[in-house]
Q: 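Have a look at the structure that comes next, please.
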Protein chains: 2
Amino acid sequence: MGSKQLTEMLKGTLEGIVLAVLATRPAYGYEITARLREQGFTDIVEGTVYAVLVRIERRGLVDVEKVPSEKGPPRKVYTLNAEGRTVLDEFWRNWEFLAARIHQLHEEN
Amino acid sequence: MGSKQLTEMLKGTLEGIVLAVLATRPAYGYEITARLREQGFTDIVEGTVYAVLVRIERRGLVDVEKVPSEKGPPRKVYTLNAEGRTVLDEFWRNWEFLAARIHQLHEEN
DNA sequence: CCCAGTATTCAGTGTTGCCAAGTACCAGTA
DNA sequence: TACTGGTACTTGGCAACACTGAATACTGGG
């Protein structure tokens, strides 16, 4: 990434970000990467997103379906399932906790 | 930490948090740990904070002074210097960027 | 003299995002 | 046919980071 700091910050949040993207609608890796790039994560690399997807699939947070593409190899479409929604909810709680503490620290400066 | 998720989220932010604490006033490791615990990071362990302090000292973000304590071994008091303030400012920028993206994602759900 | 509280250090572990390269499939073009 | 470029996924190695657990050291009170 542009900043080493931001890279470290993404650890732990990128997974939640991907889950949140999938919560709006099912998607496949290449698409998710593109969407994140549009949304400002300009330096996000495909390999990173795919690694997250492999992980959340192995942990059973998503259902996977292979869908043929006219433009290339088959897409692996990921759909957030109940388990994933639970983890996403936990992510939001943790994020809000952390954001609140950090906001407080920012005020004190 | 209580949650593995929160642990991962702390990567990259804990350093900023410590810098922010030092920005309010100089402090030593044991004290910082205690303050963070009071502020809600109940499961933060001393070893973790000390590791951050070693790192930011090695990178020249703080000035260090050994101060005798009546209650135990000498304290290493850390003071944020100009270099550290620069890194802290960068942290705030990165944090706000990330928080904005994630907030946006939260709205879309 | 031991114990609890204060205060710091350090080796080892697991998770994570990044990097780089490779594989595979298709359409258009020369 | 051969070549290029865009699409789409996989993988091995690396560095950074927070956590664990244990060790060390200093002080005052029972």
Q: Does R55(B) put a side-chain nitrogen or oxygen below 4.0 Å from OP1 or OP2 of dA16(D)?
A: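 Negative; the distance criterion is not met.
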Q: Below the 4.0 Å mark, does dT8(C) have OP1 or OP2 next to a side-chain nitrogen or oxygen of Y50(B)?
A: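 Yes, such a contact exists.
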Q: So, OP1 or OP2 of dC26(D): does either fall under 4.0 Å of a side-chain N or O from R75(B)?
A: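 No, outside the criterion.
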Q: Taking CD1 from I32(B) and P from dA18(D), how many angstroms apart are they, rounded to a whole number?
A: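 Going from CD1 in I32(B) over to P in dA18(D) covers 14 Å.
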Q: Find the distance L36(A):CG to dG17(C):P and express it as a whole number of Å.
A: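 These atoms are roughly 12 Å apart.
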Q: What is the nucleic acid contact for V52(A), judged by heavy atoms within less than 4.0 Å: base, sugar-phosphate only, or nothing?
A: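 Touches sugar-phosphate only.
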Q: Return the CG to CZ distance between L22(A) and R85(A), rounded to the nearest 0.5 Å.
A: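 The CZ atom of R85(A) is 10.0 Å from CG of L22(A), to the nearest 0.5 Å.
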Q: Could you tell me whether R35(B) and E38(B) make a salt bridge, using a distance below 4.0 angstrom between a side-chain N and a carboxylate O?
A: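 No.
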Q: How far does CZ of F91(A) sit from CE of M9(B), to the nearest 0.5 angstrom?
A: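 Output value for this atom pair is 4.5 Å.
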Q: Over 60° means perpendicular and under 30° means parallel, so classify the ring planes of F97(A) and F41(B), tilted if in between.
A: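 Plane angle over 60°, so perpendicular.
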Q: Please determine, for the side chain of Y28(A), which listed nucleotide (dC9(D), dG17(C), dC17(D)) has the closest atom?
A: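 From the listed options, dC9(D) comes nearest.
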Q: Using heavy-atom distances to pick each residue's nearest nucleotide on DNA chain C, tell me which of G47(A) and E70(A) is more 5'.
A: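 So the residue in question is G47(A).
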Q: Is a salt bridge present between E8(B) and K11(B), judged by a nitrogen-to-oxygen distance below 4.0 Å?
A: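 Salt bridge between E8(B) and K11(B), a charged N being under 4.0 Å from a carboxylate O: yes.
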Q: Which atoms form the tightest heavy-atom contact between G60(B) and E83(B), and what is the distance?
A: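 The pair with the smallest heavy-atom distance is O-CB, 3.5 Å.
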Q: Has S69(A) got a side-chain N or O lying under 4.0 Å from the OP1 or OP2 atom of dT7(D)?
A: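 No, no such contact exists.
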Q: Ignoring backbone atoms, establish whether T48(B) has a side-chain N or O less than 4.0 Å from OP1 or OP2 of dC19(D).
A: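 Result: yes.
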Q: For M9(B) and dC19(D), what is the distance between atoms CE and P respectively, to the nearest whole Å?
A: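 It is 13 Å, rounded to the nearest whole Å.
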Q: Would you mind reading off the distance between R59(B) atom CZ and dC17(D) atom C1', rounded to a whole angstrom?
A: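 Rounded to the whole Å, the gap is 11 Å.
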Q: Starting at atom CZ of R58(A), determine the distance to atom C1' of dT16(C), rounded to an integer number of angstrom.
A: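 Nearest whole value for this atom pair: 12 Å.
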Q: Atom CG of D43(B) to atom P of dG21(D): distance rounded to whole Å?
A: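 For the pair D43(B) CG and dG21(D) P, the rounded distance is 13 Å.
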Q: Is there a donor and acceptor pair, one atom on the side chain of K4(B) and one on the base of dT15(C), closer than 3.5 Å?
A: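 Under the 3.5 Å cut-off, the side chain and the base do not form any donor-acceptor pair.
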Q: Inspect the contact between R75(B) and E31(B) and indicate whether a charged nitrogen and a carboxylate oxygen are less than 4.0 angstrom apart.
A: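 Salt bridge flag = no for R75(B) with E31(B).
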Q: How long is the line joining CD of E46(B) and P of dG21(D), in whole Å?
A: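 Between P of dG21(D) and CD of E46(B): 14 Å.
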Q: Tell me the interatomic distance from L10(A), atom CG, to dG17(C), atom C1', rounded to whole angstroms.
A: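 It works out to 8 Å between those atoms.
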Q: Can you give one letter per nucleotide of nucleotides 1-6 of chain D, going 5' to 3': B for a protein heavy atom under 4.0 Å from the base, S for sugar-phosphate only, - for none?
A: -----B
Q: If you check every side-chain atom of K76(A), which of dC9(D), dC19(C), dT16(C) has the closest atom?
A: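 Selected nucleotide: dC9(D).
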